[in-house]
Amino acid sequence: MRSRQRAFSAVMRLCVKCLRVGRRRRFRLAWRVQQLWRYGHLCLGSLLYNSFTNSDVVLDSLFEPIYWLVDHVTRWFGVVFVALVIVLTSSIVAIVYICLLPLILQTYPPGWICWHLAYGHWNLLMILFHYYMAITTPPGHPPQAKSNTVAVSICRKCISPKPARAHHCSICNRCVLKMDHHCPWLNNCVGHYNHRYFFSFCLFMTMGCVYCGISSWDIFREAYAAIQTYYQTPPPTFSFRQRAFHKSIVYLWVLCSSVALALGALTLWHAALITRGETSIERHINKKERQRLQKKGRTLAHPGTAAVYTPAPWNWPELGPSSLCDRAAHTSPGHLTDARAEAQGVVLTPAAPGPTPAWH
């Protein structure tokens with residue numbers, strides 16, 4: 001009798017334990033679902049953490065892996081782009097010397113020959129000089145060592161003081177003073193010290209391409225008409241040298257025209273930015289800030305400071321702590337604001353001396 005009672009009680013205890021285990025599993029599953037729901041709700045809410053968030057911020061978050069890939073590809077292919085610029089420019093110069101210059105010396109009057117020789121070589125010298133200076137001149141970086149220098153904010157990636165108008169370059173992985181953009185054709189950032197050389201290179205390269213395109217227009221039409229007769233029946237009796245001459249002239253005119261259009265548009269864009277005292281990054285930031293303030297009935301004042309400024313032409317040392325405020329801390333239009341600092345998630349300290357934007 002006692003053995004039966006013990007067996008019955010053991011079976012009942014086992015059933016109770018199974019029921020408890022089932023309840024615990026169901027409770028854990030519900031708890032996990034609730035945690036995942038809270039986590040997803042927190043991630044979605046983090047995209048709307050302040051009034052600065054809009055569709056651009058959401059797209060930037062979604063395309064972050066693509067940006068990372070582009071940054072790393074641009075970093076490794078910068079040397080290839082520089083080599084491509086050198087090869088294309090050298091090919092155009094070689095065609096001009098081999099094909100165009102003999103025709104100019106044979107057919108043009110002495111006055112035009114002197115003008116072409118003087119202007120062509122001067123333009124070529126300006127292109128080579130400014131391109132060399134643009135790729136070899138450091139754009140300027142804030143000091144990495146800790147100091148008591150007054151800073152505007154702290155870079156979240158460098159964890160170091162970031163002066164006014166400085167921005168972090170994800171390709172160079174450093175903060176750049178008065179950064180405009182990272183140019184893959186220079187394999188260098190365009191910043192405080194080489195902005196002048198970058199703009200001058202774009203200007204003189206555009207002038208050189210326009211000069212070559214206009215000078216070779218008549219010869220290009222003749223060469224293009226000759227190439228169209230290659231496939232006639234019977235084919236014309238052109239020698240290999242004549243065919244190479246025709247194709248070289250067409251290649252020169254097409255390349256110079258394409259570069260003149262693309263680089264000319266870029267030069268006009270940077271000229272407009274210079275007249276407004278802005279860089280490309282500041283143009284984007286000020287546009288967003290202007291739209292945000294317009295909704296609140298405010299306007300963004302523009303002091304109109306010059307954007308391109310190079311103090312010394314030859315010596316380019318790294319900025320020291322004592323030169324940050326007087327060389328690179330001049331503010332851009334609407335650059336130093338508490339609202340923008342909150343949007344970037346930085347900590348503000350007392351601003352460096354200089355003109356500060358006003359809110360109206």
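Bear in mind the structure is a predicted one, so any value in this text is a computation, not a measurement. Below, all heavy atoms of this structure are taken into account, side chains as well, without hydrogens, waters or symmetry copies.
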Side-chain donor-acceptor distances from residues 248-260 under 3.5 Å, at least two apart:
residue, atom, partner, partner atom, Å
Ser248, OG, Ala244, O, 2.7
Tyr251, OH, Ser91, OG, 3.0
Trp253, NE1, Gly213, O, 3.1
Ser257, OG, Trp253, O, 2.7
Ser258, OG, Val254, O, 2.8

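- Annotation: side chain of Met205 is in contact with side chain of Thr89 (closest heavy-atom distance under 4.5 Å).
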>> If you apply the rule side chain to side chain contact (heavy atoms under 4.5 Å, CB included), what do you find for Tyr131 with Val82, and how did you get there?
In response: CA-CA 10 Å; Tyr131 187 70; Val82 172; 3.6 Å; yes
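- Linking Ile, Leu, Val, Met, Phe, Trp and Tyr whenever their side-chain heavy atoms come within less than 4.5 Å leaves Ile98 and Ile92 in two separate clusters.
- Counting only distance, with no hydrogens or angles, the side chain of Glu222 and the backbone of Ile219 share no donor-acceptor pair below 3.5 Å.
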> Run the side chain to side chain contact (heavy atoms under 4.5 Å, CB included) check on Leu177 and Arg165 step by step: do they pass?
Replying inline: CA-CA 6 Å; Leu177 296 175; Arg165 309 190 74 179; over 6 Å; no
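- Counting only distance, with no hydrogens or angles, the side chain of Asp180 and the backbone of Gly191 share no donor-acceptor pair below 3.5 Å.
- Contact detail for Leu266 and Phe198: the closest heavy-atom pair is CD2-CZ, 4.2 Å.
- For the atom pair Cys172 SG and His182 NE2, the distance stands at 4.5 Å (nearest 0.5 Å).
- Of the possible polar contacts, none joining the Asn123 side chain to the Tyr119 backbone as a donor-acceptor pair under 3.5 Å is found.
- Aromatic rings of Phe199 and His130 (six-membered ring for Trp) have centroids beyond the 6.0 Å cut-off, not under it.
- In the displayed structure, Tyr230 atom OH is contacted under 6.0 Å by more than 12 heavy atoms of other residues, nucleotides or ligands.
- Cluster annotation: Ile171 and Tyr193 are assigned to distinct hydrophobic clusters (Ile/Leu/Val/Met/Phe/Trp/Tyr, side-chain heavy-atom contacts under 4.5 Å, transitive).
- Under the 4.5 Å side-chain criterion, counting only non-hydrogen atoms from C-beta, Asn194 is not in contact with Ile135.
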>> One pair to check against ring pair (Phe, Tyr, Trp, His ring centres under 6.0 Å): His246 and Phe238. What are the steps and the verdict?
In response: CA-CA 10 Å; His246 296 157; Phe238 287 121; 5.2 Å; yes
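- Side chain of Thr137 to backbone of Ala134: no donor-acceptor contact under 3.5 angstrom is found.
- In this structure the side chain of His192 never reaches within 4.5 angstrom of the side chain of Pro139, judged on heavy atoms.
- Classification of the Phe81-Trp185 ring pair by plane angle, with boundaries at 30° and 60°, yields tilted.
- A 4.5 Å side-chain heavy-atom check between Gln242 and Ser239 finds at least one atom pair inside the cut-off.
- With rounding to the nearest 0.5 Å, the separation of SG in Cys183 from CZ in Phe201 is 8.0 Å.
- One N or O on the side chain of Thr229 and one on the backbone of Ala226 form a donor-acceptor pair closer than 3.5 Å.
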> Hey, mind stepping through Leu273 and Trp269 against side chain to side chain contact (heavy atoms under 4.5 Å, CB included) and telling me if it holds?
Replying inline: CA-CA 6 Å; Leu273 291 178; Trp269 166 252; 3.4 Å; yes
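- No side-chain donor-acceptor contact under 3.5 Å links His141 to the backbone of Val176.
- Nearest heavy-atom pair, Cys158 versus Cys155, reported as atom, atom and distance to 0.1 Å: N-SG, 3.4 Å.
- Both Val96 and Leu88 belong to a single network of hydrophobic side chains, linked directly or stepwise wherever heavy atoms of I, L, V, M, F, W or Y lie under 4.5 Å apart.
- Ring centroids of Tyr211 and His121 are separated by 6.0 Å or more, keeping the two rings apart.
- At a threshold of 4.5 Å between non-hydrogen side-chain atoms, the residues Arg221 and Asp218 count as touching.
- With hydrogens and angles ignored, the 3.5 Å screen pairs no side-chain donor or acceptor of Asn188 with any backbone N or O of Pro138.
- Rounding to the nearest 0.5 Å gives a distance of 13.5 Å between SG of Cys99 and NZ of Lys247.
- Residues Leu84 and Leu128 are members of one and the same hydrophobic cluster, defined by side-chain heavy-atom contacts under 4.5 angstrom among Ile, Leu, Val, Met, Phe, Trp and Tyr.
- A 4.5 Å side-chain heavy-atom check between Met179 and Val190 finds every atom pair outside the cut-off.
- To the nearest 0.5 Å, the span separating OH on Tyr97 from CG on Leu124 amounts to 6.0 Å.
- Taking the six-membered ring where tryptophan is involved, the planes of Trp115 and Trp112 are perpendicular, since the angle between them exceeds 60° and thus also 30°.
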>> Applying side chain to side chain contact (heavy atoms under 4.5 Å, CB included) to His116 and Leu101, what does each step give before you reach the verdict?
In response: CA-CA 9 Å; His116 278 287; Leu101 188 58; over 6 Å; no
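- Taking the centre of each ring, His195 and His181 stay at or above the 6.0 Å mark.
- Proximity of His167 to Lys178: side-chain heavy atoms (C-beta onward) are nowhere separated by under 4.5 Å.
- The backbone N or O of Ala225 sits nowhere less than 3.5 Å from a side-chain atom of Gln228 that would complete a donor-acceptor pair.
- Residue Asn286 forms a side chain to side chain contact (heavy atoms under 4.5 Å, CB included) with just one option from Lys288, Glu282, Arg283, and that option is Glu282.
- Put simply, the side chain of Cys169 does not reach to within 4.5 Å of the side chain of Arg174, judged on heavy atoms.
- Hydrophobic clustering, with ILVMFWY side chains joined whenever heavy atoms are under 4.5 angstrom apart, groups Leu203 together with Val85.
- Note that CG of Leu100 and CZ of Phe220 are 13.0 Å apart. Values are rounded to the nearest 0.5 Å.
- Using cut-offs of 30° and 60° for the angle between ring planes, the Trp122 and Phe204 rings count as perpendicular.
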